[in-house]
Amino acid sequence: QVQLVESGGGSVEAGGSLTLSCAASGFTYSSYSLGWFRQAPGKEREGVACISASGAWTNYADSVKGRFTISRDNAKNTLSLRMDSLLPEDTAMYYCAADSWPNCYSGSSVIRFPYQGQGTQVTVSS
């Protein structure tokens, strides 16, 4: 079965950086598009970024464009999200997600990916 395990969350001051990782197993990793979404308390899920199965295409939500970078290593079955210039409004639980469709067309689409992990908390203080 599909398993996605996130790590790398933590607390950081505004302007700082964090890198999240997601270890994947139980599916043909290189055939799936992947992404990250987040959810803050009392707010709806927000798709953050997605990456195509090959890694050639990425898409980001406007709120993180230029600050976050999504990448994948198809040899190691890992997904990463590098987050720079963090803002207090980036505080949320971050989830890794996967979809058997190989392409991703928008960062927001990640909230509809059928497979997701348990999440890792990111807290940004001002």
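Residues take their numbers from the sequence shown, with the count starting at 1.
Taking every heavy atom of both residues into account, Trp57 and Cys104 meet most closely at O-SG, 4.4 Å. Taking every heavy atom of both residues into account, Phe37 and Gly47 meet most closely at CB-CA, 3.9 Å. Across all non-hydrogen atoms, the minimal contact from Gln121 to Ala92 is NE2-O, 3.4 Å. Pairing each heavy atom of Cys50 with each of Ser106, the nearest pair is SG-O, 3.4 Å. The two residues Glu6 and Tyr95 make their nearest non-hydrogen contact at OE2-CA, 3.4 Å. Of all heavy-atom pairs spanning Ser80 and Ser21, the tightest one is OG-OG, 4.2 Å.
Salt-bridge annotation for Asp99 and Arg112: absent, with no side-chain N of the basic residue lying under 4.0 Å from a carboxylate O of the acidic one.
Under the 4.5 Å side-chain heavy-atom criterion for ILVMFWY residues, no single connected hydrophobic cluster contains both Leu4 and Val110.
Crowding of Gln118 atom CD: a count of heavy atoms from other residues, nucleotides or ligands under 6.0 Å not exceeding 12. Counting heavy-atom neighbours within 6.0 Å of Phe27 CZ, excluding the residue itself, gives a total above 12.
Side-chain contact check for Phe68 versus Leu86: some heavy-atom pair is nearer than 4.5 Å. Contact annotation: the side chain of Met83 never approaches that of Asp90 to less than 4.5 Å [non-hydrogen atoms, C-beta and beyond]. Contact of the Val122 side chain with the Arg38 side chain is not registered, since no non-hydrogen atoms from C-beta on lie closer than 4.5 Å.
Judged purely by distance below 3.5 Å, without hydrogens or angles, the side chains of Asn103 and Ser52 never pair a donor atom with an acceptor atom.
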